[in-house]
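Read the structure below first, then the notes.
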Amino acid sequence: MNRHAIYHILDTPYAYAKDINTLSVTLRAAKNDIKICNIHYKSRYDWENSFNIKEMKIKDNNSLFDFFSTDISIERNRYRYFFELIDNRGDRFFLDERGLRRREARRKEATAFQYPYIARPDVYNEEKWLQEAVVYQIFVDRFYNGDTSNDPQNVAKWGSDVNEASMFGGDIQGIINKLEYLEDLGVNLLYLTPIFKSSSNHKYNTADYYEIDSQFGDLEKVRELVRKCHDKNIKIVFDAVFNHSGSDFFAFKDIIFNQEKSKYKDWYFIDSFPVSLAEVNYYTFADNVATMPKFNTNNEQVKKYLLDVAKYWINEIGIDGWRLDVCDEVDHAFWREFKKAVKSIKKEAIIIGEIMHEASSFLRGDQLDGIMNYPFKGALVDFFGNRTIDAQMFNEILSINRNIYMDSITRQMWNLIGSHDTQRFLTECHEKVERMKLAIAFQFTYIGVPYIYYGDEVGVNGGEEPQSRKCMIWKEENQNNELLDFYKKFISIRKGNQILVYGSFKILYCGGNKIIFEREYKNEKVIVAINNDYESCGVNLSINAEVQDIFTSKSLFVGEKIHLNPMEFKIYRIIK
């Protein structure tokens with residue numbers, strides 16, 4: 001046995017309250033090293049009865065590790081447990097808080113792991129509606145110009161070349177005008193980039209968190225949008241920046257005017273006085289971005305102001321949550337208070353962070369409900385797009401991503417393949433639509449929330465920003481209608497098959513440019529096979545069953561092999 005690979009801690013995702021009566025427990029071991037993994041458990045105050053024994057099953061694995069997992073329940077939810085491991089040679093080991101040993105400890109009652117109590121406030125309340133959602137991101141200035149009367153000065157011609165300062169006149173009325181398009185597409189969660197008053201086209205340098213930017217509309221127009229979205233059973237999430245403000249925000253302007261005498265000087269991190277936009281002698285977003293001074297969220301006045309903003313927009317017009325820009329540079333204590341504030345107003349409101357890397361410290365259930373899953377995006381770009389990794393490495397990356405969060409959080413990750421901050425996926429694919437289609441097929445059959453960046457569905461391309469922020473293509477003759485229909489089909493499949501939302505995930509084959517996996521839920525199984533190669537292949541799986549191809553709706557018998565043509569995918573539901 002590889003003892004170095006054995007790992008368990010009393011924290012997520014290895015031990016956490018799945019609900020008020022259930023403890024989820026996971027143990028990591030070297031791949032193919034453990035034949036049997038049992039958990040011995042009972043009440044931490046039971047000194048007389050024997051331990052209950054339950055065999056744990058492998059819930060996931062990669063080339064290095066197997067992850068054994070199970071759920072246990074004890075009356076009053078006070079747990080004492082240890083692990084019994086039997087390797088392939090039949091040798092028996094035990095793991096408790098004192099570590100790994102060959103013999104069962106005499107003091108096993110006292111040295112067992114203890115999860116003292118499942119308290120209701122510590123139970124993470126997952127959001128089922130989020131897990132079942134399909135997200136559509138709108139960069140407001142580039143989606144649709146529905147009201148030319150509020151166009152900014154020097155508005156550019158729709159669809160012309162973009163630069164850092166371009167403004168095209170997209171607005172809230174434009175989104176309202178295209179709600180039928182979005183409804184027909186099938187998406188049910190809109191995420192809008194910031195719409196608050198700001199001097200830029202992207203609006204991430206906020207001047208006023210309580211005012212809608214006039215080039216987008218006004219409060220009543222936003223209220224109309226939210227109401228009409230809800231009438232169509234579409235949720236809507238706003239984007240906000242609580243890491244920094246714009247340099248034209250009232251508090252920072254006061255500092256510029258009053259300098260050391262300003263009552264807001266502690267709202268920011270000032271290096272020296274006099275504060276100067278030219279010298280940038282203050283902490284900013286990124287490196288010396290003068291127009292984005294960083295908030296001091298440890299300041300009680302700042303904290304109150306921002307929490308009041310978060311509550312106001314839920315109260316005022318009924319938005320369904322927040323997407324939080326640069327949230328990993330804001331302290332955890334602030335986000336804990338933020339969650340309490342938001343959920344006190346609307347319990348089912350969601351909180352999604354823009355974090356471009358693994359983010360377990362933010363996703364223990366006390367802060368965020370999920371993040372924009374950039375590690376997922378990066379893996380899909382490298383496997384399907386630029387083809388710089390093989391299927392095994394692709395799965396390694398996603399396996400890490402799957403196994404550092406609670407299962408409910410994993411189902412709530414926003415699985416994007418592109419955003420306003422990255423190259424368009426079609427560009428990552430070197431304009432090869434067949435590669436993008438395979439990525440979409442994986443995105444909509446994998447664990448997590450599928451996410452569409454506006455225009456991807458009609459073939460909008462573009463490199464690094466601002467080229468990734470081109471205008472939406474609305475002329476049908478210029479749209480990729482085959483790709484649009486492909487998206488519609490997969491959105492319908494996702495929404496019509498709960499197994500793709502709630503099902504477990506298991507790799508069946510992973511080699512070369514081919515990956516085959518299984519989703520299982522309530523005794524139903526779906527097998528997804530993807531050949532990311534320009535040559536045909538056959539993979540031995542010994543399915544030997546009648547299946548229904550979910551994508552084509554055809555029924556057929558699959559025997560020992562799954563046959564895949566070049567750049568082809570199959571989605572088979574096993575028919576008993």
Side-chain angles (χ1 to χ4, degrees), residues 127 129-131 133-143 172 175 182 187-196 198 200-206 209 212-213 216 222 225-226 229 234-245 285 292 295 297 306-307 309-314 316-330 334-335 338-339 341-343 345-346 348-357 359 362-363 367-377 409 411-422 448-454 456 465 468-469:
E127 295 297 343
W129 75 260
L130 171 59
Q131 296 171 16
V134 177
V135 179
Y136 190 89
Q137 180 195 350
I138 294 176
F139 191 95
V140 182
D141 182 62
R142 311 296 158 80
F143 187 63
I172 300 302
I175 301 172
L182 295 169
V187 298
N188 52 13
L189 173 54
L190 297 188
Y191 148 45
L192 311 185
T193 52
I195 60 174
F196 306 125
S198 170
S200 65
N201 54 29
H202 53 72
K203 310 301 179 190
Y204 284 101
N205 53 321
T206 310
Y209 290 83
I212 303 299
D213 196 288
F216 292 156
V222 173
L225 170 63
V226 173
C229 282
I234 296 173
K235 306 280 191 180
I236 186 165
V237 166
F238 279 6
D239 198 335
V241 193
F242 296 146
N243 174 68
H244 56 267
S245 72
F285 164 69
M292 297 183 180
F295 277 127
T297 52
L306 296 177
L307 295 181
V309 168
K311 292 184 288 186
Y312 172 82
W313 290 103
I314 297 174
E316 182 64 31
I317 62 168
I319 63 170
D320 299 294
W322 291 99
R323 181 269 193 188
L324 304 168
D325 193 62
V326 208
C327 76
D328 54 341
E329 294 188 22
V330 179
F334 176 82
W335 293 129
F338 184 90
K339 178 183 177 179
V342 167
K343 302 287 186 176
I345 303 299
K346 193 171 189 176
E348 67 276 16
I350 61 170
I351 304 169
I352 304 295
E354 184 222 20
I355 299 179
M356 293 189 170
H357 49 83
F362 292 87
L363 291 169
Q367 298 167 69
L368 309 179
D369 294 303
I371 61 170
M372 297 174 70
N373 197 356
Y374 277 95
F376 172 90
K377 170 196 154 45
I409 292 290
R411 290 194 296 271
Q412 293 171 183
M413 302 290 270
W414 283 13
N415 287 344
L416 68 161
I417 63 172
S419 77
H420 62 289
D421 288 325
T422 64
V449 181
Y451 174 120
I452 302 167
Y453 179 42
Y454 81 96
D456 278 358
E465 63 167 283
S468 59
R469 304 172 181 181

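- Between Ile317 and Phe238 there is a side-chain heavy-atom pair separated by less than 4.5 Å.
- Tyr454 contributes atom OH, which lies 9.5 Å from atom CG of Asp456 (distance to the nearest 0.5 angstrom).
- Listed by chain and residue number, nothing satisfies the ring pair (Phe, Tyr, Trp, His ring centres under 6.0 Å) test with Phe216 (two or more places apart in sequence, or in another chain).
- Taking the side chain as every heavy atom from C-beta outward, Phe376 and Met413 never approach each other to under 4.5 Å.
- Atoms CD and CD1, from Glu354 and Ile371 in turn, are 10.0 Å apart once rounded to the nearest 0.5 Å.
- Pairs of residues two or more places apart, or lying in two chains, never qualify as salt bridge (Lys or Arg N to Asp or Glu O under 4.0 Å) while including a residue from residues 187-196.
- Within the 4.5 Å cutoff, the side chain of Phe338 has no heavy atoms near those of the Gln367 side chain.
- Residues passing the side chain to side chain donor-acceptor pair (under 3.5 Å) test with Glu465 are Arg469, sequence neighbours excluded.
- Val330 and Phe362 make their closest contact through O-CE2, 4.0 Å (heavy atoms, listed as atom of the first residue, atom of the second, distance).
- A donor-acceptor distance shorter than 3.5 angstrom exists from the side chain of Thr193 to the backbone of Ile138, with no hydrogens or angles considered.
- Separation of the Tyr204 and Phe285 ring centroids does not fall under the 6.0 Å cut-off.
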Before giving the answer on side-chain hydrogen bond (donor to acceptor under 3.5 Å, both in side chains), spell out for Ser419 and Tyr451 the whole-Å C-alpha distance, their side-chain angles and the decisive distance to 0.1 Å. CA-CA 9 Å; Ser419 77; Tyr451 174 120; 5.5 Å; no
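- Interatomic distance, CG of Leu182 versus CD1 of Ile175, reported as 8.5 Å (0.5 Å rounding).
- Here the straight-line distance linking atom CD1 of Ile352 with atom CG of Leu368 works out to 7.5 Å at 0.5 Å rounding.
- Nearest heavy-atom pair across Ile350 and Asp369 is CA-OD2, 3.4 Å.
- Between Lys311 atom NZ and Leu306 atom CG the span is 11.5 Å, to the nearest 0.5 Å.
- Proximity of Phe143 to Tyr136: side-chain heavy atoms (C-beta onward) are separated by under 4.5 Å at one or more points.
- Residues that satisfy the salt bridge (charged side-chain N to carboxylate O under 4.0 Å, His left out) test with Glu316, not counting sequence neighbours, are Arg223.
- Residues Leu363 and Ile355 form no side-chain contact, since every pair of their non-hydrogen atoms from C-beta on lies 4.5 Å or further apart.
- When every heavy atom of Asn415 is checked against every heavy atom of Gly448, the shortest pair comes out as ND2-CA, 3.4 Å.
- For the pair Lys346 (side chain) and Gly321 (backbone), a donor-acceptor distance under 3.5 Å is absent.
- What you find for Ser468 and Tyr453 is that their closest heavy atoms are O-OH, 2.8 Å.
- Side-chain contact between Thr422 and Leu416: absent, with no pair of heavy atoms (C-beta onward) separated by less than 4.5 Å.
- Nearest heavy-atom pair across Asn201 and Asp141 is O-CB, 4.2 Å.
- Looking only at distances, no side-chain donor or acceptor of Gln412 sits under 3.5 Å from a matching main-chain atom of Leu130.
- Here the straight-line distance linking atom CG of Asp239 with atom CZ of Phe139 works out to 10.0 Å at 0.5 Å rounding.
- Screening Ile236, Ile195, Ile234 against Leu225 for a side-chain contact (heavy atoms from CB on, under 4.5 Å) leaves a single residue, Ile236.
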Evaluate the criterion side-chain contact (heavy atoms from CB on, under 4.5 Å) for residue pair Tyr374 and Asp421; output intermediate values, then yes/no. CA-CA 11 Å; Tyr374 277 95; Asp421 288 325; 4.3 Å; yes
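- By the salt bridge (charged side-chain N to carboxylate O under 4.0 Å, His left out) test, Asp325 is found to be paired with Arg323, residues two or more places apart in sequence or in another chain being considered.
- Scanning for salt bridge (charged side-chain N to carboxylate O under 4.0 Å, His left out) contacts around Lys203 gives Asp213, with sequence neighbours left out.
- Taking each heavy atom of Cys327 and Trp335 in turn, the nearest pair found is O-NE1, 2.8 Å.
- No donor-acceptor pair closer than 3.5 Å links the side chain of Lys235 to the backbone N or O of Asn188.
- Considering only heavy atoms from C-beta on, Val449 stays 4.5 Å or farther from Leu189 through its side chain.
- Trp322 contributes no side-chain N or O that, together with a main-chain N or O of Val342, makes up a donor-acceptor pair within less than 3.5 Å.
- Phe295 has its side chain out of reach of Phe242: every pair of non-hydrogen atoms, C-beta onward, lies at least 4.5 Å apart.
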